[in-house]
Amino acid sequence: MVARLRGGLAVSVTGLAAELDVSDETIRRELRTLEEQGAIVREHGGARLAASAFEGPLTQRMEENAEAKLRIARAAADFVSDGAILFIDSGTTSCFIARQLVERRGLTVITNSLQVAAELGSINDNRLFLAAGEMDPGYRAFSDHSAQAYVARFTPHLAILSVGAIHAERGLMDFHPGEAAMSRIAYQTSERVLLGADSSKFGRHGLMHTAALEEVDILVTDQPLADDYARAFAHAEVVVA
């Protein structure tokens with residue numbers, strides 16, 4: 001049924017029932033299940049596909065909302081001083097932020113991302129600690145149990161994190177089990193957390209929970225927050241780039 005919705009248009013219960021040769025009630029029952037899973041959004045008399053529950057490879061995701069991510073990265077870089085101890089995850093917004101830190105000196109960078117390591121390793125007297133294990137080629141990153149155990153040893157001044165989805169009630173979510181685990185570790189071990197998230201991440205559903213909204217210390221985004229999210233992040237320093 002989800003395949004019928006991939007064109008991006010809403011479909012009606014009656015139309016789906018006729019196409020699939022089943023009853024309207026069967027369609028409604030299936031739609032209720034898909035809605036509970038966060039895969040669709042119910043509308044009057046039909047449904048449409050929710051924001052994608054899957055992410056593409058790093059190269060593809062680096063091109064998505066690139067202008068917004070660049071603005072976020074420039075603003076986020078202001079929170080990093082020479083000599084800082086950082087954990088930087090493998091999300092695309094974090095990769096954009098890493099590129100904005102190439103003028104900083106004496107950074108200690110802990111990361112599971114080959115992209116971040118390439119940007120900040122071996123320059124300006126930086127120290128680089130790269131979590132290793134089995135590489136995920138789509139993410140160009142390491143997030144298996146070996147990598148998680150390695151990252152858990154450190155206590156960064158600041159964790160710079162991306163996120164797959166932000167929901168006012170369900171909190172922060174991600175789509176990749178290993179990356180979600182990395183985020184949980186960073187929230188537990190870091191003195192402060194900076195979350196870089198463009199406006200497309202708000203109101204989405206992810207596959208797994210990573211943290212409560214209250215665990216974010218600094219939120220850098222590209223659009224003013226809607227009222228419900230402004231209230232939810234009232235505890236944090238919010239920067240609109």
Side-chain angles (χ1 to χ4, degrees), residues 36-39 41 50-56 58 61 64-65 68-69 71-73 75-76 79 86-98 110-113 116 131 136 138-139 141 143 147-148 151-152 154-241:
E36 290 171 358
Q37 295 171 350
V41 176
S52 176
F54 301 96
E55 294 186 310
L58 179 68
R61 290 183 290 116
E64 295 171 355
N65 302 317
K69 291 174 182 177
R71 297 204 312 271
I72 290 169
F79 289 91
L86 309 172
F87 172 74
I88 306 178
D89 74 8
S90 64
T92 55
T93 303
S94 298
C95 291
F96 271 83
I97 295 171
I110 305 110
T111 187
N112 63 319
S113 165
V116 172
D136 184 318
Y139 279 70
S143 60
Q148 293 167 28
V151 168
F154 295 90
T155 54
H157 295 151
L158 181 69
I160 295 175
L161 305 180
S162 301
V163 68
I166 304 174
H167 193 275
E169 297 176 358
R170 297 189 179 186
L172 305 174
M173 291 168 280
D174 218 320
F175 301 98
H176 186 290
E179 293 301 317
M182 281 292 187
S183 291
R184 294 189 197 103
I185 292 167
Y187 279 103
Q188 293 167 4
T189 59
S190 302
E191 185 176 335
R192 302 182 79 198
V193 171
L194 183 153
L195 182 68
D198 67 73
S199 57
S200 71
K201 304 299 176 66
F202 290 83
R204 297 180 71 184
H205 290 265
L207 293 180
M208 56 208 70
H209 182 263
T210 59
L213 303 184
E214 291 79 11
E215 295 185 61
V216 176
D217 299 294
I218 305 163
L219 172 66
V220 185
T221 187
D222 63 313
Q223 298 289 338
L225 299 181
D227 289 345
D228 53 346
Y229 288 102
R231 290 191 295 269
F233 283 103
H235 65 282
E237 181 173 355
V238 178
V239 177
V240 179

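Here, residue 1 is the first one in the sequence, and each next residue gets the next number.
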Report yes or no: does [X] contribute a side-chain atom to a donor-acceptor pair with the main-chain N or O of [Y] at less than 3.5 Å?
X: Q188; Y: I185; result: no
X: S190; Y: V193; result: no
X: R170; Y: H209; result: no
X: D222; Y: S199; result: yes
X: T221; Y: A197; result: yes
X: K69; Y: T92; result: no

### Query
Can L172 and E215 be said to form a side-chain contact (heavy atoms from CB on, under 4.5 Å), step by step?
CA-CA 10 Å; L172 305 174; E215 295 185 61; 6.0 Å; no
What distance separates [X] [atom1] from [Y] [atom2], expressed to the nearest 0.5 Å?
X: D198; Y: S162; atom1: CG; atom2: OG; answer: 9.5 Å
X: E179; Y: D136; atom1: CD; atom2: CG; answer: 7.5 Å
X: H205; Y: F175; atom1: NE2; atom2: CZ; answer: 10.0 Å
X: I160; Y: F87; atom1: CD1; atom2: CZ; answer: 10.5 Å

### Sub-4.5 Å side-chain heavy-atom contact between L225 and L219
yes
### Task
Let me see the working for V151 and M182 under side-chain contact (heavy atoms from CB on, under 4.5 Å), right down to the final yes or no.
CA-CA 8 Å; V151 168; M182 281 292 187; 3.9 Å; yes
### From L158, I88, L86, residue fulfilling side chain to side chain contact (heavy atoms under 4.5 Å, CB included) relative to L194
L158
#### Entry: Check against side-chain contact (heavy atoms from CB on, under 4.5 Å), D217 and E191
CA-CA 9 Å; D217 299 294; E191 185 176 335; over 6 Å; no
### Query
Would L161 and T210 satisfy side-chain contact (heavy atoms from CB on, under 4.5 Å), going step by step from the backbone distance to the final call?
CA-CA 11 Å; L161 305 180; T210 59; over 6 Å; no
### Message
Distance alone, cut at 3.5 Å: any donor-acceptor contact between the side chains of D89 and S94?
### Response
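There is such a pair (donor and acceptor under 3.5 Å, judged by atom type) between the side chains of D89 and S94.
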Residues 232-241, side-chain donor-acceptor partners within the protein, below 3.5 Å, at least two apart:
residue, atom, partner, partner atom, Å
H235, ND1, A232, O, 3.3
H235, NE2, L213, O, 3.1
H235, NE2, E214, O, 3.3
H235, NE2, V216, O, 3.0

### Closest contact, heavy atoms only, Q148 versus S143
NE2-O, 2.7 Å
### Message
If you compare all heavy atoms of D174 against all heavy atoms of S183, which two are closest, and at what distance to 0.1 Å?
### Response
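Taking D174 first and S183 second, the nearest heavy atoms are OD2-OG, 4.4 Å.
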### Message
Taking the ring of Y229 and the ring of F202, is the distance between their centroids below 6.0 Å?
### Response
yes
